[in-house]
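Take a look at the structure set out below.
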Amino acid sequence: MKTTDTPPSGTAGAEVPAQRTGTAAKGSSAPAKSSEGKVLNVFSHGVLVLWAIMVVLPLFWAVMSSFKTDTDIFNSPWSLPGSLNFDSWGRAWSQAHMSEYFLNTILVVGGSLVGTLVFGSMAAYVLARFEFPGNRFIYFLFVGGMSFPIMLALVPLFYVMDNMGLLNTIHGLILVYIAYSLPFTVFFLTSFFRTLPTSVAEAAIIDGASHTRTFFQVMLPMAKPGLISVGIFNFLGQWNQYMLPTVLNTDPEKRVLAQGLVELAASQGYKGDYSGLFAGLVIAMLPVLAAYIIFQRQVVSGLTAGALK
């Protein structure tokens with residue numbers, strides 16, 4: 001006579017409540033985690049909103065004040081302008097010579113930006129793709145240049161520029177800006193070139209392309225996100241540069257915008273043409289905002305390309 005092995009009633013009854021208890025415990029932990037996630041999300045969004053207000057409010061106040069008169073700025077500094085006053089923009093552009101400073105800045109920053117990207121990308125490509133004695137030493141020299149304070153080099157740089165006849169010249173300032181921006185550019189692009197696939201370059205060389213043609217026609221277009229990112233950073237740093245042109249460019253006719261704004265503020269004395277000063281500030285600020293707004297996606301994609309690949 002066969003007997004079927006059936007679990008005791010007590011055992012079966014004990015298993016069911018245990019399963020229900022485990023399910024209930026998991027269900028209770030899920031709302032707790034979701035509530036913690038909501039609190040963290042609200043906190044992070046609140047911090048971002050507060051940071052955006054701290055950044056946008058001064059910019060908006062400067063733009064708003066540039067369309068006011070001096071009387072309106074002192075009587076109602078936080079109110080919107082009753083009418084758009086463009087006289088301050090005209091005074092800043094013509095009488096304060098902001099147009100000349102703007103043109104000088106375009107020439108200096110444009111020439112130095114092109115030179116920095118060309119020389120920096122070439123050096124970074126060689127350091128990232130070719131192994132030769134002294135490769136790491138040269139790379140760490142560029143990295144060390146990022147930590148070297150520019151203030152320590154002002155005096156010897158002044159005498160070097162003076163001996164070479166480059167003081168108070170546009171091309172001399174361009175060369176200094178290129179040298180100032182090369183360490184960060186080489187450091188950034190070296191890491192970026194290492195993430196690019198080597199098979200494409202090898203295929204181009206097998207097809208008969210020289211190293212120069214491979215770099216300019218194959219690898220450089222592939223590095224476009226990185227070039228745009230480092231170009232934006234260099235543009236911001238060079239456009240707002242004040243210390244180098246102050247020391248190396250004392251000719252009033254060749255001043256850049258940063259020098260022009262300081263001169264505009266100092267020349268007013270106790271008169272205080274604040275509307276013209278705000279207008280000059282906005283004129284100097286607009287190209288930077290336009291460049292960042294236009295290339296915002298490229299900057300983000302260039303910064304994350306190395307991590308994603």
Side-chain angles (χ1 to χ4, degrees), residues 108-154 156-157 160-161 164 166 171-239 241 244 291 295-309:
V108 173
V109 175
S112 60
L113 191 60
V114 172
T116 302
L117 292 180
V118 172
F119 296 126
S121 60
M122 294 171 67
Y125 177 74
V126 172
L127 293 174
R129 293 292 180 175
F130 297 96
E131 293 294 336
F132 55 90
N135 182 300
R136 302 302 295 172
F137 177 73
I138 296 175
Y139 173 74
F140 285 117
L141 278 181
F142 281 107
V143 175
M146 296 172 55
S147 60
F148 187 80
I150 191 62
M151 291 180 291
L152 297 180
L154 288 178
L157 184 61
V160 169
M161 297 282 289
M164 297 178 64
L166 296 176
H171 56 279
L173 204 57
I174 290 175
L175 292 177
V176 173
Y177 277 22
I178 292 175
Y180 172 77
S181 304
L182 269 182
F184 172 74
T185 304
V186 173
F187 170 76
F188 185 93
L189 290 181
T190 300
S191 302
F192 191 87
F193 275 118
R194 287 173 180 167
T195 63
L196 299 180
T198 58
S199 58
V200 180
E202 292 174 353
I205 293 176
I206 291 174
D207 290 338
S210 62
H211 289 292
T212 304
R213 185 175 181 183
T214 302
F215 170 72
F216 283 104
Q217 295 187 0
V218 178
M219 303 305 294
L220 204 59
M222 294 176 61
K224 182 179 177 182
L227 291 174
I228 293 177
S229 299
V230 75
I232 291 296
F233 288 124
N234 286 329
F235 174 77
L236 296 178
Q238 294 173 3
W239 187 272
Q241 182 60 243
L244 288 176
F295 297 104
Q296 181 179 7
R297 293 184 178 180
Q298 287 82 352
V299 171
V300 175
S301 63
L303 291 176
T304 58
L308 293 177
K309 293 182 180 181

From [X] [atom1] over to [Y] [atom2], what is the distance, rounded to the nearest 0.5 angstrom?
{"X": "Thr214", "Y": "Ile206", "atom1": "OG1", "atom2": "CD1", "answer": "10.5 Å"}
{"X": "Phe137", "Y": "Leu127", "atom1": "CZ", "atom2": "CG", "answer": "12.5 Å"}
{"X": "Asn234", "Y": "Thr185", "atom1": "CG", "atom2": "OG1", "answer": "3.5 Å"}
{"X": "Leu182", "Y": "Tyr177", "atom1": "CG", "atom2": "OH", "answer": "15.0 Å"}
{"X": "Gln241", "Y": "Leu173", "atom1": "CD", "atom2": "CG", "answer": "8.5 Å"}
{"X": "Ile205", "Y": "Arg213", "atom1": "CD1", "atom2": "CZ", "answer": "12.5 Å"}

Minimum heavy-atom distance [X]-[Y], with the two atoms named:
{"X": "Gly144", "Y": "Ser147", "value": "O-OG, 2.9 Å"}
{"X": "Gly172", "Y": "Met161", "value": "O-CE, 3.4 Å"}
{"X": "Ile178", "Y": "Gly111", "value": "CD1-O, 4.4 Å"}
{"X": "Arg129", "Y": "Leu196", "value": "NH2-O, 2.6 Å"}

Exercise. Check for a donor-acceptor pair, side chain of Asn135 on one end and backbone N or O of Glu131 on the other, with a separation under 3.5 Å.
Key: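 Not a single qualifying donor-acceptor pair exists.
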Would you tabulate the side-chain donor-acceptor contacts of residues 112-126 under 3.5 Å, counting partners in other chains and residues two or more places apart, or write 'none'?
from	atom 1	to	atom 2	distance (Å)
Ser112	OG	Val108	O	2.8
Ser112	OG	Val109	O	3.1
Ser112	OG	Gln238	OE1	2.7
Thr116	OG1	Ser112	O	2.6
Ser121	OG	Leu117	O	2.6
Ser121	OG	Val118	O	2.9

Exercise. Can you label the angle between the Phe192 ring and the Phe188 ring as parallel, tilted or perpendicular, going by 30° and 60°?
Key: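 Parallel.
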Has [X] got more than 12 heavy atoms of other residues, nucleotides or ligands less than 6.0 Å from its [atom1]?
{"X": "Met146", "atom1": "CE", "result": "yes"}
{"X": "Phe130", "atom1": "CZ", "result": "yes"}
{"X": "Arg194", "atom1": "CZ", "result": "yes"}
{"X": "Phe215", "atom1": "CZ", "result": "yes"}

Quiz item: Can you list the steps and then say if Leu157 with Leu244 is a side-chain contact (heavy atoms from CB on, under 4.5 Å)?
Solution: CA-CA 10 Å; Leu157 184 61; Leu244 288 176; 4.2 Å; yes
